[in-house]
Amino acid sequence: MATTGTGTRQSSSDRKVQARRVGFEDALAEVPRHFAADGDLLLSHMGAALSAMFPEGEEFFIRTVRHYRDQITDPVLRRQVAGFIGQETTHGREHRVLNDRLAELGYVTKRVERATGRLLRLRERVASPQSNLAETVALEHLTATLAERLLSDPDARASLGHPAIRSLFLWHALEESEHKAVAFDVYRAVGGSERVRILTMKVVRYGFMGGLFAGTILSSLTDPASLRPGVLPRSLARFVRHTVFSRRVWNDLKAAEKPGFHPDDRDNEALVVMWREELFGPEGELRDSVAGTVI
Ligand SMILES: [Fe+2]
Ligand SMILES: [Fe+2]
């Protein structure tokens with residue numbers, strides 16, 4: 001239980017990390033080419049670019065955490081690691097389904113998926129297990145930051161457009177928020193260096209955001225819709241104002257570069273409880289997508 005100046009609160013470090021057996025396959029088969037709000041070109045390509053990176057990214061996260069699993073003695077953290085692995089496995093699987101659908105529609109998602117996998121496997125060969133775990137910790141802070149924006153900002157949710165895309169990203173965002181401290185706590189438990197963690201976070205902040213921006217533009221240039229007069233400039237004006245590229249997100253990412261930072265410094269428990277109910281409670285909108293819980 002984390003303690004604050006005003007008393008004791010539940011933190012994500014005490015949280016039960018539960019892998020839900022969800023499936024969106026039928027709904028994702030209905031996704032149209034420009035699925036984002038108002039059929040927006042760049043917002044659709046940004047969603048596709050994010051999804052394309054997820055499956056291989058999630059598998060990398062699992063490998064880097066699993067490497068240290070035997071060194072974890074705390075039973076709570078051990079259970080959270082099992083939940084983390086279950087959640088990330090399901091995220092990867094469902095995003096592969098979306099990526100297959102988007103590839104059918106002409107997106108380069110499968111090529112990006114393969115390139116991400118090659119890059120991450122190369123990283124694992126040349127860098128130490130600690131450095132690879134630091135990469136996971138940094139990327140987990142990034143996904144938790146984006147997840148929190150999505151869960152708390154109605155405009156960000158509306159920008160996703162098609163209901164199947166919205167459901168997939170909301171479920172993913174909830175679980176990223178639920179397990180946001182797990183890789184971090186493993187890193188700390190095995191004596192990971194604070195200097196390496198901070199440096200890696202800085203590289204990820206610039207590298208990922210720059211890569212997402214450039215990757216989205218490049219992906220859109222493979223789309224015949226970008227040649228229609230006025231479409232690209234109009235979409236670009238909307239894209240640069242999207243919350244992903246806001247100062248707020250940038251500063252939230254930067255917050256992890258302070259020595260002594262912990263993901264629970266940001267208390268998102270109320271948000272998690274609300275969305276768990278909203279999505280998977282008795283009246284939850286995704287209740288029917290769940291075939292059970294894995295852990
Ligand atoms: Fe994930
Ligand atoms: Fe994650």
Side-chain angles (χ1 to χ4, degrees), residues 11-13 15-24 28 47-69 77 79-99 109 112-113 116-117 120 132-151 160 165-188 192 197 200-201 204-205 208 212 244 249 252-253 256 262-264 266 268 271-272 275-276 279-280 286 289-290 293-295:
S11 71
S12 64
S13 303
R15 189 176 291 156
K16 189 162 179 264
V17 178
Q18 179 188 61
R20 303 168 181 90
R21 210 188 294 270
V22 298
F24 298 107
L28 290 173
L50 280 169
S51 184
M53 287 184 278
F54 282 137
E56 290 289 342
E58 322 262 17
E59 282 168 25
F60 170 82
F61 299 165
I62 292 170
R63 291 194 297 273
T64 57
V65 168
R66 193 178 266 152
H67 178 88
Y68 288 101
R69 185 151 71 168
L77 186 54
R79 271 199 301 280
Q80 289 184 337
V81 165
F84 168 85
I85 292 173
Q87 288 190 335
E88 297 293 35
T89 301
T90 321
H91 300 167
R93 193 191 64 209
E94 292 304 308
H95 276 282
R96 265 186 218 283
V97 174
L98 173 59
N99 294 344
T109 41
V112 175
E113 223 181 81
T116 307
L120 291 172
N132 286 313
L133 183 59
E135 180 79 9
T136 293
V137 170
L139 288 166
E140 281 288 282
H141 178 62
L142 183 113
T143 50
T145 302
L146 297 182
E148 190 185 299
R149 275 301 69 229
L150 193 63
L151 297 178
L160 291 171
I165 299 283
R166 183 183 175 277
S167 297
L168 174 67
F169 277 83
L170 275 177
W171 154 70
H172 194 166
L174 170 65
E175 294 194 348
E176 288 305 319
S177 299
E178 287 177 331
H179 73 228
K180 68 174 184 170
V182 176
F184 187 101
D185 287 343
V186 170
Y187 186 79
R188 202 170 251 187
R197 184 189 70 74
T200 309
M201 185 66 234
V204 162
R205 178 160 56 94
F208 188 94
L212 180 64
V244 165
V249 164
D252 286 351
L253 293 176
H262 187 279
D264 289 337
R266 236 184 136 79
N268 67 343
L271 198 63
V272 167
W275 278 101
R276 202 182 279 145
L279 299 179
F280 299 108
L286 297 184
S289 311
V290 187
T293 53
V294 181
I295 195 122

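Every number for a ligand or one of its atoms is a count from 1 in the order of the listing.
Remark: Leu98 engages Leu28, Ser51, His95, Leu102, Ile165, Leu168, Phe169 in a side chain to side chain contact (heavy atoms under 4.5 Å, CB included) (not counting sequence neighbours). For Glu135, the side chain to side chain donor-acceptor pair (under 3.5 Å) partners at least two apart in sequence or on another chain are Arg123.
No other N/O/S atom of Glu58 lies as close to the Fe ion (ligand 1) as OE1 does. Taking the N/O/S atoms of His179 in turn, the shortest distance to the Fe ion (ligand 2) belongs to NE2. For Glu88, the N, O or S atom closest to the Fe ion (ligand 1) goes by the atom name OE1. Nearest N/O/S atom of Glu140 with respect to the Fe ion (ligand 2) is recorded as OE2. Within His91, ND1 is the N, O or S atom that lies nearest to the Fe ion (ligand 1).
When the options Glu140, Glu175, Arg93 are evaluated for a side-chain contact (heavy atoms from CB on, under 4.5 Å) with Glu88, the one that passes is Glu140.
With 3.5 Å as the limit, one finds no donor-acceptor pair spanning the side chains of Glu94 and His91.
Computed with the Fe ion (ligand 1) at the centre, the His172 NE2 to Glu176 OE2 angle is 90°, stated to 10 degrees.
In this structure, Val112 and Met53 have side chains that are in contact, with non-hydrogen atoms separated by less than 4.5 Å.
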